[in-house]
Protein chains: 2
Amino acid sequence: MFTLSEENYLKAIYHLELDTDKGVSTNAIAEKLETKASSVSDMIKKLSDKKVIIYKKYKGVTLTELGKKTAANIVRKHRLWEVFLVEKLNFSWDEVHEVAEQLEHIKSPKLIDQIDAFLGFPTHDPHGDPIPDKEGNLKTVDKSLLSTLLKNESGICIGVDDSSSEFLQFLDKKGITLGKKITILDKEEFDNSLSILIGEKKLSISNKIANNLYIKKS
Amino acid sequence: MFTLSEENYLKAIYHLELDTDKGVSTNAIAEKLETKASSVSDMIKKLSDKKVIIYKKYKGVTLTELGKKTAANIVRKHRLWEVFLVEKLNFSWDEVHEVAEQLEHIKSPKLIDQIDAFLGFPTHDPHGDPIPDKEGNLKTVDKSLLSTLLKNESGICIGVDDSSSEFLQFLDKKGITLGKKITILDKEEFDNSLSILIGEKKLSISNKIANNLYIKKS
DNA sequence: AATTATTTTTAGCCTTGTCTAAATATTATT
DNA sequence: AATAATATTTAGACAAGGCTAAAAATAATT
């Protein structure tokens, strides 16, 4: 079994590993967890002893199979709880993260299985992120950042990269939600802003926004 | 805010205080939490500093109003989660305690309010224990131990004293569930066992069982 | 009232997880 | 290749929460 702190480290390493092919650096973990590199160094030794990461001094860490499975299971719980909060308890998608951060550490296989069934075995969380299956496998969808679409291309909004509540509330205000069809009407060279059609509405979208919205091209 | 450990101490003191009119002793707390008296002594100082208990050396402790409210809120969460597990996730009443012990520490006022509403504002948990309201008030029902009923008296089974899974599974096996009507057919002087009528069935019940079942006389 | 038994507290130590400051490796730059 | 900059680890400290063993206070008995 893993402590709360160990679980949080595993999750951080899991997420960081998705963004790189090399080992995950001490500093990267420290930054993600808002802690100090020295603390990370200490924890790395513990996790290495527990056979969930491979660790060579000064060379960064990689999750073992056991580590990956353990981390994926925590992510699975996090995302299932997020779905539960939105679908059953009327939370909005910008409110769920903090609570799910707590709920993901509840230890009860039956609980999470039942939640999964209760929700009808969802495949994605409210931000469009895929929910790992029980074995820890993620089904990867081919998604593109809105900013990479060309003029006159279109697709369905399927996820966000940044899921801070500020960004999500901004999207709500603009009427941008998962499942909506988006068409690029025009691209502005000067500041890389976009003119898009979403539903019936025309909107102007900054590059920053376009860099945080995932689209499934159609 | 309170730590996990502080919350568990508050809850223990809260429960122990219901059984006595005097202060709660260090030893009693230690026994309830399966820890050592010296650890309790340490924690008592911390809780006293935080103004949730009144503490006079060697004299036992009493919850302050703040302490009572805090503890009642944890109990409220515990019992609401138990209802949720049984009503929505197909847990049986002997499986819920352990998971609720974890869930009761989740910090999110909105979450527990929504769970409450989702469940239709239940007043009692699956073992018949009352759920404190938001202000921490318990509505006390007048309940009698089955063992105190006289021959030919009858009532409705409304709760259990011992909620260990062994006892609850025993009750399941015998078909004894909350809400059922029970009539005392006979009392055996020798071993204080009872002959009862529950639903259509006649059962013989030991004194130990009868001392752990609450009845609302009718 | 004096002595014994029990309860409670104190003192000192341990583990987990964190930190700062200093030392050491590695990487980048001239 | 030598030096500067950055990243990482080590050493030592601290707080929370727990423990054992010993001391002190209270309660029970004779």
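All chains are named by letter (A, B, ...) in the order of the sequence lines, taking the proteins before the strands, and each is independently numbered beginning at 1.
Look at B:Y9 and you'll find a side-chain N or O under 4.0 angstrom from OP1 or OP2 of D:dG18. Contact annotation: B:S5 side-chain N/O to D:dA16 OP1/OP2 distance is not under 4.0 Å. For the pair A:S39 and C:dG17, the criterion of a side-chain N or O lying under 4.0 Å from OP1 or OP2 is not met. Between A:Y58 and the phosphate of C:dA23, there is no side-chain N or O to OP1/OP2 separation shorter than 4.0 Å. For A:N27 and D:dT8, the shortest distance from a side-chain N or O to OP1 or OP2 is below 4.0 Å. Proximity of B:K46 to the phosphate of D:dA16: no side-chain N or O atom is located under 4.0 Å from OP1 or OP2.
Ring to ring, B:Y55 and B:Y9 are not that close: their centroids are 6.0 angstrom or more apart.
With C:dT10, C:dG17, D:dT20 as the candidates, the nucleotide lying closest to the side chain of B:K36 is D:dT20. Taking the side chain of A:S38 as heavy atoms from C-beta on, and the options D:dG17, C:dT8, D:dT10, the nearest nucleotide is D:dT10. Comparing C:dG17, C:dT10, D:dC19 by their nearest atom to the side chain of A:T3 picks out C:dG17.
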Derivation and outcome, salt bridge (Lys or Arg N to Asp or Glu O under 4.0 Å), residues B:K11 and B:E101: CA-CA 11 Å; B:K11 191 164 53 107; B:E101 287 282 301; 3.0 Å; yes
One pair to check against side-chain hydrogen bond (donor to acceptor under 3.5 Å, both in side chains): B:D191 and B:S193. What are the steps and the verdict? CA-CA 5 Å; B:D191 61 356; B:S193 67; 2.9 Å; yes
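What separates CD of B:E6 from P of D:dG18 is a distance of 10 Å, to the nearest Å.
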